[in-house]
Amino acid sequence: MVKRDMARLLEEAVRDAQRRGLIPLVALPDVLLERPQNPEHGDHASSLPLKLARAARMNPMAIAQAITSCIQLPPQVQKVTTAPPGFINFALHPAWLARQVDTILELGEGYGNLDLGGRKPIQVEFVSVNPTGPLHVGHGRGAILGSTLARVLAAAGYSVATEYYINDAGNQMNAFYRSLFARYQQALGLEAELPPDGYQGDYVIDMAREIVAREGDRFLNMPPPEAVEAIGKIGVKKVLESIAQDLARLGVTFDVWFSEQSLYREGQYQRAMAILRDKGYIEEREGAVWFVSTALGEDKDNVLVRGDGSPTYFASDVAYHYNKFQERGFQQVINIWGADHQGHVSRMKAVVGALGFDPDRLRIIITQMVTLKRGEALLRASKRSGDIVTLRELVDEVGADACRFVFLSRSADSQMEFDLELAKLQAPENPVYYVQYAHARIASILHLAQERGIDYSSGDVALLTHPAEQALLRKMIQLEELVETVALSLEPHYLPHYSQDLATAFHSFYKQCRVVSKNEKLTHARLKLVAAAQITLARTLHLMGMTAPERM
RNA sequence: GUCCCUGUAGCUCAGAGGAGAGAGCAACUGCCUUCUAAGCAGUGGGUCGGGGGUUCGAAUCCCUCCAGGGACGCCA
């Protein structure tokens, strides 16, 4: 990776300068290199001299010159210059840049893979919505974020497992069961009322009708509690199937669908509670069992077991995370939660610490709310009221690729507006098509070359000296750095931005440089460049979970 | 009241201590006899919410105020 090479080069030069007494022995800051926005300042830049000036009690320019004088140019670098008030600028060597085409072609689909993670087992848990109804658009955001992170982490060399936590225990499920049973009775022409805390959505009615069609009235012959349970199970299965389908259409799949109930069946709950009890984090008062989070600096304690003896969802979460770290041995766990769970972050981390694990091994990403607009009309999503725009509807209208791209473009921290009308209206001008169009154009050139039977395998990349070719190359070689950035920051919104930059570099090259021409040698070299650009662009699209179309 | 997120071009958003603050859309001007014009080249547009502070240097860090959203249950 170029950036790392440059950083090492700089660091060695500083050490050398210190050894030779050109600059004093002072500690170095963490960040050594930046990427200058002005191309005149080279490909990489360092403001290290400015940062050292005070401690070194030297003029920054003098430091810059001292360091620069200790740099021995590697093949990657054409020149190193100093600039006031104290910058060191690195310019990559055009010949080296051109040679990266061959490197990328050799790596093929593997270009962009790193071994940053050392195969460490890492879990990404996301969506994890109660199986009580269809997913809405907010869930789509978490789904796309999670699945993209999983792809990038895998590329970065982690051993990634994706997981959906099924909240199939607790009050919400019970309300859903009873709602479904009421609709079932209604579907059979009986008088029945939806419970006051019930689910009003039409999908419950549809589901009840399906159950009647398939199973008849046999549940009426059971004692009502049994019937509710039996119908509920069928309902959950149906809902989960439809959730899985909706997600699959978005390119989101899971390695594991983990049941909350299993935590109780298989003893994880009991074991986790025993640990907390042994370590003195549990107190019983007011008829309930509490996790004494105040002992860990939290604002307040939290109930684990209610007065009626039933565990809270927090108790389930304790057992679940005990299971993740202790029983399944994940080194790192990433949870993606909606903004409405933000208040639970610190207590969750506290309890992980209380169980004996380093809380930093748990990283929780909060995705902010999505508001849907249809033109001027604001649409609020509430599952209870039944007034929702479902994820399925969104994908139907906008398409999976565009959905992924739009959601990925925003950082998880910022609330976003999704205007359905605009998304449809803008379709041809949408950046997603701009990026994919670049890929289709590349494919088209390569098809032409194939039709004409051009063998460019021995093309000489040294001919790639045109500014547009070099600009394209500069973008292409940033892919590895991008994968690293996203894997460390867990912020995939860099991907769509990079893909646009890459597409721009290609479109501009395409306009300025004829690829298949009468100049045979240049044609061969450029076909190589184009093939490498295709690899880079396709890889970027695939990391985002998008398709790379051959034609549009 | 407390805690979290956000406030950057007309709109949607990047930019997390460095060099005249960026992109897409929208607006305007040019460019198709050549591999896809879903494209390219260019123009206009900004008190980076306000005010203090730290720093050689702040959209970025600290304090404070304002505005929007979310969370503060023996709901999930």
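By convention in this document, chain letters (A, B, ...) are assigned in the order of the sequence lines, proteins followed by strands, and residues within each chain are numbered from 1.
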Looking at [N], I'd like to know if its phosphate oxygens (OP1 or OP2) sit under 4.0 Å from a side-chain N or O belonging to [X].
X         : N       : answer
Arg551(A) : rC35(B) : no
Thr312(A) : rC75(B) : no
Tyr433(A) : rA37(B) : no
Arg306(A) : rG73(B) : no
Arg526(A) : rC35(B) : no
His344(A) : rA76(B) : no

*asked:* Quick check: on RNA chain B, is the nucleotide nearest Phe87(A) upstream (toward 5') of the one nearest Val303(A), or the reverse? Name the residue that is more 5'.
replied: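 Upstream on the strand: Phe87(A).
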*Taking the nucleotide of RNA chain B with the closest heavy atom to each, which residue, Ser508(A) or Ala169(A), is nearer the 5' end?*
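Final value for this comparison: Ser508(A).
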*Given the side-chain rings of His507(A) and Tyr434(A), with only the six-membered ring counted for Trp, is the space between their centroids under 6.0 Å?*
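Yes, the ring of His507(A) comes within the 6.0 Å limit of the ring of Tyr434(A), centre to centre.
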Using the [atom1] atom as the reference point in each nucleotide, state the distance between [N] and [M] in Å, no decimals.
N       : M       : atom1 : value
rG51(B) : rA9(B)  : P     : 16 Å
rC11(B) : rG17(B) : P     : 28 Å
rA19(B) : rU29(B) : P     : 35 Å
rG49(B) : rA59(B) : C1'   : 12 Å
rG24(B) : rU8(B)  : C1'   : 15 Å
rU54(B) : rA67(B) : P     : 28 Å

Out of [options], which has the shortest distance to the side chain of [X]?
X         : options                   : value
Leu448(A) : rA76(B), rC35(B), rG17(B) : rC35(B)
Tyr494(A) : rC40(B), rA16(B), rC74(B) : rA16(B)
Gln342(A) : rC5(B), rA71(B), rC40(B)  : rA71(B)
Tyr434(A) : rU34(B), rA76(B), rG39(B) : rG39(B)
Ser414(A) : rU6(B), rA19(B), rG39(B)  : rU6(B)
Val516(A) : rC35(B), rA19(B), rA76(B) : rC35(B)
His341(A) : rG39(B), rA76(B), rG18(B) : rA76(B)

What contact category does [X] fall into here, base, sugar-phosphate, or nothing, at under 4.0 angstrom with non-hydrogen atoms?
X         : result
Ser47(A)  : base
Ala45(A)  : base
Ala339(A) : sugar-phosphate
Lys300(A) : sugar-phosphate
Asp301(A) : nothing
Asn38(A)  : base
Tyr510(A) : base
Gln436(A) : nothing
His41(A)  : base
Met173(A) : nothing
Glu550(A) : base
Ser411(A) : sugar-phosphate

*Could you check if a side-chain atom of Met173(A) sits within less than 4.5 angstrom of a side-chain atom of Pro131(A), using non-hydrogen atoms only?*
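Touching, per the 4.5 Å side-chain cut-off.
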*Side chains of Met544(A) and Pro496(A): closer than 4.5 Å at any heavy-atom pair?*
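Yes, side chains in contact.
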*Search all heavy atoms of Tyr433(A) against all heavy atoms of Val398(A) and return the closest pair with its distance.*
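Tyr433(A) and Val398(A) have their closest heavy atoms at OH-O, 4.4 Å.
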*Do the side chain of Gln415(A) and the base of rG68(B) come within less than 3.5 angstrom through a donor-acceptor pair of N or O atoms?*
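Present.
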*Any donor-acceptor N/O pair under 3.5 Å between rA14(B) base and Asp501(A) side chain*: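 Per atom types, no contact qualifies.
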*For Gln450(A), look at atom CD and say whether over 12 heavy atoms of other residues, nucleotides or ligands are found less than 6.0 Å away.*
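Check fails, neighbour count at 12 or below.
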*Neighbour count >12 (heavy atoms, 6.0 Å) for atom CD, Gln512(A)*: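 Yes - once you tally the heavy atoms of other residues, nucleotides and ligands closer than 6.0 Å, there are more than 12.
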*With a 4.0 Å cut-off, would you call Glu284(A) and Arg277(A) a salt bridge?*
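So Glu284(A) pairs with Arg277(A) through a salt bridge.
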